[in-house]
Amino acid sequence: QVQLVESGGGSVQSGGSLRLSCVASGYTYSRYSMGWFRQAPEKEREGVAGICSDGSTNYADSVKGRFTISRDNAKNILYLQMNSLTPEDTAMYYCASSRTEWNWRFLLGVGPYNYWGQGTQVTVSS
């Protein structure tokens with residue numbers, strides 16, 4: 001049974017940092033593309049960052065230079081380091097995994113992903 005469990009969310013002031021983690025279990029994590037998404041109230045879910053098994057990455061324009069996605073294949077953990085946070089980053093953040101490998105160009109869309117975590121809330125105050 002595939003499980004994705006996020007952690008690391010919380011409340012921070014504008015300009016602060018957080019690191020999100022997603023522990024994957026129940027499948028061969030290292031082979032597949034992974035991503036981070038977020039959804040603010042009354043807004044659609046949007047792709048934040050994605051990473052291929054070889055480490056290739058893709059980022060939304062709104063987070064480039066501030067967020068970094070990484071993966072530890074030995075520990076089955078996906079990370080999202082978030083720096084210089086602004087109130088516009090406030091959302092529920094979700095970890096997602098594909099069950100195949102995708103080109104990095106496709107990783108910000110929901111289509112490649114088969115499994116989703118329950119989410120972790122990030123709140124940034126001004």
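Only heavy atoms go into these numbers, but all of them, side chains included; no hydrogens, no water, no symmetry mates.
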Requested in this report: Provide the closest heavy-atom pair for Q81 versus S17 in the form atom of the first, atom of the second, distance.
Outcome: NE2-CB, 4.0 Å
Requested in this report: Could you pull out the closest heavy-atom pair between Y59 and K64, with the gap in Å?
Outcome: O-CE, 3.3 Å
Query - Closest approach of G47 to A60 (non-hydrogen atoms, all atoms of both residues) - result: O-CB, 3.4 Å
Query - Under 3.5 Å: donor-acceptor pair, side chain of N76, backbone of S25 - result: no
Query raised in the report: Stepwise, does the side chain to side chain contact (heavy atoms under 4.5 Å, CB included) test hold for Y113 with L107?
Result: CA-CA 9 Å; Y113 300 100; L107 297 185; 3.5 Å; yes
Query raised in the report: Do any N or O atoms from the side chain of E6 and from the backbone of T120 form a donor-acceptor pair under 3.5 angstrom?
Result: no
Report task. Starting at CG of N58, measure out to CD1 of I51 and round the result to the nearest 0.5 Å. Result -> 11.0 Å
Query raised in the report: Between W36 and F67, does the ring centre distance come in under 6.0 Å?
Result: no
Query raised in the report: Taking only residues two or more places apart in sequence or in another chain, which ones pass ring pair (Phe, Tyr, Trp, His ring centres under 6.0 Å) with Y93?
Result: none
Query - Single-linkage hydrophobic cluster, 4.5 Å side-chain cutoff, V23 and Y79 together - result: yes
Report task. Assess whether atom CD of Q121 is packed by more than 12 heavy atoms of other residues, nucleotides or ligands within 6.0 Å. Result -> yes
Report task. Kindly indicate whether the side chain of S33, heavy atoms from C-beta on, has any atom under 4.5 Å from the side chain of F106. Result -> no
Report task. Apply the test side chain to side chain contact (heavy atoms under 4.5 Å, CB included) to residues V122 and L20: give CA-CA distance (whole Å), side-chain angles for both, the deciding distance (0.1 Å), then the verdict. Result -> CA-CA 9 Å; V122 171; L20 306 184; 4.1 Å; yes
**Report entry** CD1-OG distance between I69 and S56, expressed to the nearest 0.5 angstrom
**Finding:** 11.5 Å
Report task. Rounded to the nearest 0.5 Å, what's the gap from OG1 on T123 to CD on Q13? Could you check? Result -> 13.0 Å
Requested in this report: State the CZ-OG1 distance between R71 and T57, to the nearest 0.5 angstrom.
Outcome: 11.5 Å
Query raised in the report: What heavy-atom pair brings P87 and S14 nearest, and what distance separates the two atoms?
Result: CD-OG, 3.9 Å
Report task. Give the cluster check for L108 versus F37: same hydrophobic cluster or not, with ILVMFWY residues linked at side-chain heavy-atom distances below 4.5 Å. Result -> no
Query raised in the report: Is the shortest heavy-atom distance from the side chain of V110 to the side chain of Y94 under 4.5 Å?
Result: no
Requested in this report: Can you measure from SG (C52) to CE (M34) and round to the nearest 0.5 angstrom?
Outcome: 12.0 Å
Report summary line: Rounded to the nearest 0.5 angstrom, the OH-CD distance for Y115 and Q1 is 10.5 Å
Query - Side chains of L4 and S97 in contact at under 4.5 Å (non-hydrogen atoms) - result: yes
Query raised in the report: Between T90 (side chain) and V124 (backbone), is there a donor-acceptor pair under 3.5 Å?
Result: yes
Query raised in the report: Restricting to pairs with a member in residues 31-41, which pass salt bridge (Lys or Arg N to Asp or Glu O under 4.0 Å), not counting sequence neighbours?
Result: R38-E46, R38-D89
